[in-house]
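Chain letters run A, B, ... following the sequence lines, proteins first and then strands; every chain starts at 1.
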Amino acid sequence: MTNRTLLTEANAPTIVFDNVQLTLGGTTILKQINLRLDAGKTHALIGPNGGGKSSLIRALLGQVPHTGHIHFQWPQQEGRLGYVPQALEFDRSLPMTVMDFMVSLQSTKPAFFRQKHAFYQTILNALERVGMSDKAQRRMGALSGGERQRVMMAQGLMPEPSVLILDEPMAALDDTGAQVFEALLQSLKDKGTTLLWIEHDLSAVKRLADTVTGLRQTIRLHGAPDKALSTDALLSLFSHTPQPPHSITLEAAHG
Amino acid sequence: MDNVFSVIKLTIQHWAELGWLPSSLAYGFAINALLAGIIIGPVLGLLGTLVVVKRHAFFSEAVGHSALTGVAIGILVGEPYTGPYGSLFGFCLLFGISLNYLRNRTGLAADTLIGVFLSMSLALGASVLLILAGKVNIHIMENVLFGSILTVSAEDIWLLAGIAVIVVVVCVVGYNRFIISSFNAELAAARRINTKLLDYVFVMLITIVTVASVKVIGAILVGALLVIPAAAARTVAASMRSFVLLSVVFALIATVAGILIPMQVDLPVPSGAAIIICAGSLFLACVSARTILPHLRGGNA
């Protein structure tokens with residue numbers, strides 16, 4: 001176990017975006033993204049809706065055709081990439097329990113076959129970390145948005161990732177959920193996992209992130225949260241009219 | 001291989017004569033029919049759970065209907081009209097694969113695209129059939145449309161068995177991946193699941209199982225047996241386990257009952273129609289059960 005942990009620590013990758021550009025149907029979604037996300041650090045990605053945060057992650061996962069290059073620089077052999085999507089929608093009537101969902105993701109043995117007892121136990125342990133082990137037999141569709149988000153978090157931790165990508169993990173969470181999430185993030189940080197994390201809650205970013213990157217079509221701000229999250233930089237990031245910062249009012253920033 | 005087959009057949013006939021099994025099974029063709037049903041029913045039930053989860057019901061119907069055109073083309077080019085498998089496989093695979101290729105490439109919703117393909121294929125099939133009308137007995141089309149279980153031959157059964165094995169193996173091996181890729185493409189990608197490849201594999205599974213079932217259930221109704229048992233199971237199941245199990249059992253019951261009941265009571269009903277009526281009754285029973293028993297609605301938070 002200790003060995004594995006050490007391996008994870010050593011094996012976190014650096015992610016390098018090299019002049020990444022993404023155009024869909026004539027619209028430029030991302031341009032000139034040059035970014036280096038150091039291994040073992042927590043990187044927050046912020047920006048307005050439609051600014052390209054989710055597109056950047058889709059490009060990172062190889063799901064959209066982009067130009068430029070995205071490299072994972074693994075110190076050793078390629079490790080595991082974990083992904084926590086934005087709260088997924090499930091049909092309420094789909095007869096898939098939380099356990100079924102977890103099994104489907106982790107096992108090649110069909111979810112409708114009985115699995116090894118130890119395997120169920122591993123999944124229950126992961127669910128326990130997000131406070132969902134007592135709801136393992138609930139249907140996915142019957143969970144609240146926050147509960148579903150916790151399940152997504154639990155699957156992202158299995159097996160232990162070297163790099164974890166999170167797409168607005170706190171959006172649907174209540175206060176308790178947010179605390180559970182922050183504690184998990186902290187423990188992943190301590191293990192030296194590379195984290196890339198889309199977040200709207202800027203105070204959470206300030207508390208937890210090592211670097212923050214503001215994205216609106218291209219990179220608008222980047223650096224340590226203390227320095228990068230200046231009022232002017234944020235006003236410009238969240239504005240629709242990227243003109244001289246002093247001409248922008250606070251209302252425009254929220255509009 | 002054929003020895004195994006005849007041993008099974010003789011044993012069943014013997015049991016039927018002794019009165020252990022329904023009396024209609026004393027006839028060879030009835031046994032072929034039953035074997036075909038027992039083989040294909042559970043396979044359709046299993047694959048059907050994926051069809052329902054992946055929302056491919058309309059697609060399955062369309063592939064089934066394209067079988068009609070496949071048969072028409074087969075007869076036109078001179079294949080035997082009792083089993084024009086070459087053009088059946090050829091046309092249905094072409095239909096299914098090109099439909100899947102054009103999905104996400106036309107900017108149209110899947111159901112619109114399927115609607116267009118379905119009508120084009122039916123129009124083509126109808127045209128070819130009318131050209132053929134003078135040459136062959138048009139009543140054979142009834143068999144294609146609604147199934148003619150009593151003409152199932154030993155070769156048909158071997159074909160069914162072969163396809164059943166392929167479909168079950170691919171389904172079981174890929175089941176979790178099929179399910180995950182239908183939820184979220186990024187989540188699937190992070191788990192190294194090739195969603196695009198799986199979509200093609202899935203479409204081909206539906207196509208070959210449809211073609212193989214045309215004799216038993218008929219082109220018009222084969223899509224229904226992919227959907228109804230799984231839909232029925234979905235209304236009452238609480239987990240994947242019961243969902244798949246019930247779907248397989250429902251499909252098996254429907255096929256066996258749909259084949260045996262008309263033979264026992266001498267009803268001149270086509271096998272496909274009888275099978276779907278049985279499946280439909282099970283579906284209605286499940287829906288009623290769900291309405292009456294609140295715990296089946298499950299997982300109220």
Answer with side chain, backbone, both or neither: which region of [X] has an atom nearer than 4.5 Å to a non-hydrogen atom of chain B?
X        : value
A:Phe113 : both
A:Gln155 : both
A:Arg114 : both
A:Lys109 : backbone
A:Pro110 : both

When rounded to the nearest 0.5 angstrom, what is the spacing between [atom1] in [X] and [atom2] in [Y]?
X        : Y        : atom1 : atom2 : value
A:Thr108 : B:Asn176 : OG1   : CG    : 7.5 Å
A:Asp100 : B:Arg241 : CG    : CZ    : 10.0 Å
A:Leu94  : B:Met240 : CG    : CE    : 6.5 Å
A:Leu105 : B:Arg177 : CG    : CZ    : 12.0 Å
B:Leu246 : A:Phe112 : CG    : CZ    : 13.0 Å

What part of [X] gets within 4.5 angstrom of chain A, counting heavy atoms only: side chain, backbone, both, or neither?
X        : result
B:Ile179 : side chain
B:Val173 : backbone
B:Val244 : side chain

Flag yes if more than 12 heavy atoms outside [X] fall under 6.0 Å of its [atom1] atom; otherwise flag no.
X        : atom1 : value
B:Tyr200 : OH    : yes
A:Lys31  : NZ    : no
A:Asp175 : CG    : no

Nearest atoms (heavy-atom pairs only) where [X] meets [Y]:
X        : Y        : answer
A:Thr97  : B:Ala238 : CG2-O, 3.5 Å
B:Ala237 : A:Arg139 : O-NH2, 2.7 Å
A:Pro159 : B:Arg191 : CD-NH1, 3.9 Å
B:Arg290 : A:Ser93  : NH2-CB, 4.4 Å
B:Glu186 : A:Tyr83  : CB-CE2, 3.4 Å

**Report entry** Ring geometry between A:Phe101 and B:Phe183 (parallel below 30°, tilted from 30 to 60°, perpendicular above 60°)
**Finding:** tilted
Query raised in the report: Taking side chain as C-beta onward, heavy atoms only, is A:Asp91 less than 4.5 Å from B:Arg234?
Result: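 Answer yes - side chains close enough.
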